[in-house]
Number of protein chains: 2
Amino acid sequence: MNAVSNRKPDYERLLRKAGVRVTRPRKVIVGILTQSDDHPDALEIFKRAVAIDKTISLSTVYRTMKLLESMGAIHRHAFEGGPSRFEQAGGDHHDHLIDLDTGDVIEFKSDRIEQLQDEIARALGYEIIHHRLELYGRKKKSSG
Amino acid sequence: MNAVSNRKPDYERLLRKAGVRVTRPRKVIVGILTQSDDHPDALEIFKRAVAIDKTISLSTVYRTMKLLESMGAIHRHAFEGGPSRFEQAGGDHHDHLIDLDTGDVIEFKSDRIEQLQDEIARALGYEIIHHRLELYGRKKKSSG
DNA sequence: ATTCATGCAAAGGCTTTGCATGCAA
DNA sequence: TTGCATGCAAAGCCTTTGCATGAAT
């Protein structure tokens, strides 16, 4: 297992570069993303946004997430049995371990697994476009 | 990568053992599962069921899949951007490669990856309850 | 001044559920 | 005969979308 780095994109710059408008709602939303190190869903982002600007709508959150995703600025994860959750792009590729009790997401990375995946796909005559590896588990109580 | 075996459960027996009724709709649905080697979603199962018995409802399909799942007789997979798809349990554990062009699902198994997953979880202080490994890819055109 | 983005409410896709009826045991 | 299972329709959850208004350029 390898370390997972995490550098945050300059969203406003990305928005300008994409030729879209840097509006108040978008500023609020990307501000939230910048300050987040977790994997919030749209509703959670909406709540955080409303705390800053009461006029923001949930639709705009969804639209903005979709926009950022299409720009490659964030990643969308559909973990089991819940709404999509988002995280900032820009860090290394990694996979996720989801704590079944808390919903917490722990990032990890294994070059060895990636390599094995490639081998498998190749053996089956496929080229991997992307993959999803999620471990669902519970914290081991080490002694209390 | 290892071979994936596939033996089918005797659903009616499982139903009886679970103490639930072996009704006409349930017979039709498990009959369809027995004859399937693909990964149909609820609507697809419903269509196949209606071809046999016009009176079956989609609700019953959903209810039956939920029942079978709770009995461990089938597995539910929520592949990207689509409805849940089901497959018979009873074969070896395996993971999935989804053909992005056709939606086809190819099963594979890698003990080595499983082992690495366990190591990762252990290193993070977690016990894996279950996991999900999906490769999304396209067939390599080998020469045309 | 334009045009794009927003808020709102409605709808859409998948799935579950309440209820009265029907069928398995 | 008794109660579980069914069909139907309605609702629920998450997400998208149509439309008129408002704001960024």
Subject >> Whole-Å distance separating the CG atom of A:Asp53 from the P atom of D:dA23 >> reply: 11 Å

Original post:
Does OP1 or OP2 of D:dT16 have a side-chain N or O of A:Tyr62 closer than 4.0 Å?
Top reply: no

Original post:
Has A:Thr23 got a side-chain N or O lying under 4.0 Å from the OP1 or OP2 atom of C:dT6?
Top reply: yes

Original post:
Side-chain donor-acceptor pair under 3.5 Å between B:His77 and B:Glu134, yes or no?
Top reply: no

**OP:** To the nearest Å, give me how far apart CZ (B:Arg85) and C1' (C:dT15) are.
**Re:** 17 Å

**OP:** Can you measure from OH (A:Tyr11) to CE (A:Met71) and round to the nearest 0.5 angstrom?
**Re:** 9.0 Å

Subject >> First of A:Val22 and B:Thr60 reached from the 5' end of DNA chain D, by closest nucleotide >> reply: B:Thr60

**OP:** Assess whether atom CZ of B:Arg138 is packed by more than 12 heavy atoms of other residues, nucleotides or ligands within 6.0 Å.
**Re:** yes

**OP:** For the side chain of B:Pro25, starting at C-beta, report the closest nucleotide among C:dT6, C:dT15, D:dG7.
**Re:** D:dG7

Subject >> Options D:dA24, D:dT15, C:dC14, nucleotide nearest the side-chain atoms of B:Pro83 >> reply: C:dC14

Original post:
Given atom NZ of B:Lys27 and atom P of C:dC23, what is their separation to the nearest angstrom?
Top reply: 14 Å

**OP:** Using whole Å, report how far CG of B:Leu67 lies from P of D:dC4.
**Re:** 14 Å

**OP:** Would you indicate, yes or no, if C:dT17 has its OP1 or OP2 atom less than 4.0 angstrom from a side-chain nitrogen or oxygen of B:Arg63?
**Re:** no

Subject >> Rounded distance (Å) that lies between atom P of D:dC14 and atom NZ of A:Lys47 >> reply: 10 Å

Original post:
Using a cut-off of less than 4.0 Å, is there contact between a side-chain N or O of B:Lys66 and OP1 or OP2 of C:dT16?
Top reply: yes

Original post:
With sugar-phosphate meaning primed atoms plus P, OP1 and OP2, does A:Ile56 contact a base, only sugar-phosphate, or nothing at under 4.0 Å between heavy atoms?
Top reply: sugar-phosphate

**OP:** Return the value, rounded to whole Å, for the distance between atom CD of B:Glu12 and atom C1' of C:dA25.
**Re:** 15 Å

Original post:
Below 4.0 angstrom from OP1 or OP2 of C:dA5, is there any side-chain N or O of A:Arg26?
Top reply: yes

**OP:** Using only side-chain N and O atoms of A:Ser59, determine if any of them is under 4.0 Å from OP1 or OP2 of D:dT17.
**Re:** no

Subject >> Nucleotide opposite C:dA25 in a Watson-Crick or G-U pair, distances under 3.5 Å >> reply: D:dT1

Subject >> Phosphate-side-chain proximity, B:Arg21 and D:dT6, N/O vs OP1/OP2 below 4.0 Å >> reply: no

Original post:
Between B:His130 and A:Tyr136, how do the two ring planes meet: parallel, tilted or perpendicular, split at 30° and 60°?
Top reply: parallel

Original post:
Crowded around B:Arg76 CZ? As in, over 12 foreign heavy atoms under 6.0 Å?
Top reply: yes

Subject >> Integer-rounded Å distance: C:dC14 C1' and B:Arg76 CZ >> reply: 11 Å

Subject >> Between C:dC4 (C1') and A:Arg16 (CZ): distance, integer Å >> reply: 15 Å

